[in-house]
Amino acid sequence: MFCDALVTSTRKARISNVPDTKYEIYRPAFAYFDLVRGALGALVDGEHFFDCVADDIVYEVLYDFPGWPRVIKGRADLLESFRGYVKHIKLNSADHLVKHSVDNGQAMVIEYEVHGTILATGVAYNNRFCSIIKPETRKIAHWRDYMDSLAAWNALTPGAA
């Protein structure tokens, strides 16, 4: 059931060249969006990450992160949450992608790292994630996210590291 295929990559994600500027405000997170979009391949439709998201998406994070809700319901709320994210963190790259096709290819688990800067302090931000992605009708319908909470805490808390 769990791992039909495993693909690894240490290649850094390209910075998006999406010609439409409707997502320009999210440029500080394009490395993440590009990595995810590339990982999902033909499993979903859409050029940019947000084009791949269902209007009624459920986006869960199974960790406590100040200012970030545990459950986001709907594409509009997800867009708004990421608007806040890019005000605080600029990602320079996303890499070390490992993909697991699950449920006979109907879902994807991805492991990856992001690297950037906390904008308020200039402190380096490096984190690891594992995301479980379930599409329906070729859009991301459900997302469950796990991260290295200590890495986030250390980057956001002066003197914590």
Side-chain angles (χ1 to χ4, degrees), residues 2-7 9 11-116 119 125 127-149 151-152:
F2 188 69
C3 190
D4 296 328
L6 173 65
V7 179
S9 172
R11 178 184 65 81
K12 291 184 178 179
R14 66 179 173 78
I15 299 300
S16 183
N17 292 327
V18 174
D20 190 343
T21 59
K22 67 183 172 181
Y23 301 120
E24 185 62 30
I25 192 167
Y26 303 101
R27 183 164 292 283
F30 272 9
Y32 161 78
F33 296 138
D34 286 346
L35 178 124
V36 170
R37 182 63 196 96
L40 293 174
L43 196 58
V44 294
D45 291 331
E47 187 172 350
H48 187 276
F49 170 82
F50 289 127
D51 296 331
C52 302
V53 172
D55 288 338
D56 60 349
I57 187 172
V58 174
Y59 190 101
E60 292 182 272
V61 295
L62 297 180
Y63 46 84
D64 289 315
F65 192 78
W68 191 269
R70 295 283 307 257
V71 178
I72 300 168
K73 293 183 179 180
R75 183 177 185 273
D77 286 349
L78 185 62
L79 284 159
E80 188 60 32
S81 291
F82 269 102
R83 183 182 298 263
Y85 180 91
V86 298
K87 287 180 182 177
H88 300 285
I89 299 173
K90 180 188 183 305
L91 299 178
N92 301 315
S93 63
D95 55 18
H96 295 104
L97 174 65
V98 178
K99 301 186 321 181
H100 308 271
S101 178
V102 298
D103 290 339
N104 296 319
Q106 300 303 304
M108 178 80 62
V109 175
I110 60 174
E111 301 172 64
Y112 54 96
E113 295 180 17
V114 298
H115 313 282
L119 296 174
Y125 174 68
N127 209 335
R128 295 179 300 264
F129 292 84
C130 181
S131 302
I132 303 165
I133 305 150
K134 295 182 181 179
E136 292 176 6
T137 62
R138 304 199 47 79
K139 297 288 184 189
I140 300 168
H142 191 263
W143 183 286
R144 182 173 290 153
D145 211 33
Y146 300 84
M147 78 164 177
D148 180 346
S149 299

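- Partners of Asp56 according to the salt bridge (charged side-chain N to carboxylate O under 4.0 Å, His left out) rule, which considers only residues two or more places apart in sequence or in another chain, do not exist here.
- Expressed to the nearest 0.5 Å, how far CD1 of Ile140 lies from CZ of Arg75 amounts to 10.5 Å.
- Between the side chains of Asp145 and Tyr63, at least one donor N or O lies within less than 3.5 Å of an accepting N or O.
- Ring centroid separation for the pair Phe33 and Phe82 comes in under the 6.0 Å cut-off.
- The minimum heavy-atom distance between Gly46 and Cys52, with the atom names listed, is O-SG, 3.5 Å.
- In this structure, OG in Ser131 is found 6.0 Å from OH in Tyr59, a value given to the nearest 0.5 Å.
- Put simply, the residue from Val102, Leu62, Val109 that forms a side-chain contact (heavy atoms from CB on, under 4.5 Å) with Ile132 is Val109.
- To the nearest 0.5 angstrom, Ile25 atom CD1 is 4.0 Å from Arg83 atom CZ.
- The two residues Cys130 and Glu111 have their closest heavy-atom pair at SG-CG, 4.1 Å.
- Formation of a donor-acceptor pair under 3.5 Å by the Tyr26 side chain with backbone atoms of Leu79 is found in this model.
- Closest non-hydrogen pair, Pro135 versus Ala107, comes out as CD-CA, 4.2 Å.
- By the 4.5 Å heavy-atom criterion applied to side chains, Val36 and Trp143 are counted as neighbours.
- Lys134 NZ: 12 or fewer foreign heavy atoms inside a 6.0 Å radius.
- A distance of 10.5 Å separates NE2 in His115 from OH in Tyr125, rounded to the nearest 0.5 Å.
- Checking side-chain atoms of Arg70 against main-chain N and O of Val61 turns up a donor-acceptor pair under 3.5 Å.
- A search for ring-ring contact (aromatic ring centres under 6.0 Å, His included) contacts involving Phe129 returns Tyr112, not counting sequence neighbours.
- Here the shortest heavy-atom pairing between Asn127 and Met147 reads ND2-SD, 3.3 Å.
- Between Glu113 and Arg128, none of the side-chain N atoms (NZ, or NE/NH1/NH2) sits under 4.0 Å from a carboxylate O, so this pair counts as no salt bridge.
- Put simply, the residue from Arg37, Arg138, Lys22 that forms a salt bridge (charged side-chain N to carboxylate O under 4.0 Å, His left out) with Asp51 is Lys22.
- To the nearest 0.5 angstrom, Ile133 atom CD1 is 10.5 Å from Lys99 atom NZ.
- Shown here are the salt bridge (charged side-chain N to carboxylate O under 4.0 Å, His left out) partners of Glu136, two or more places apart in sequence or in another chain: there are none.
- Considering NZ of Lys73 and CG of Leu78, their distance stands at 14.0 Å, rounded to 0.5 Å.
- Separation of the Phe49 and Tyr32 ring centroids falls under the 6.0 Å cut-off.
- For the pair Asn92 and Lys90, the tightest heavy-atom approach, listed with the atom from each and the gap, is OD1-NZ, 3.2 Å.
- At least one side-chain heavy atom of Leu43 sits less than 4.5 Å from a side-chain heavy atom of Met108.
- The two atoms that bring Leu97 and Ile110 nearest to each other are CD1-CB, 4.0 Å, heavy atoms only.
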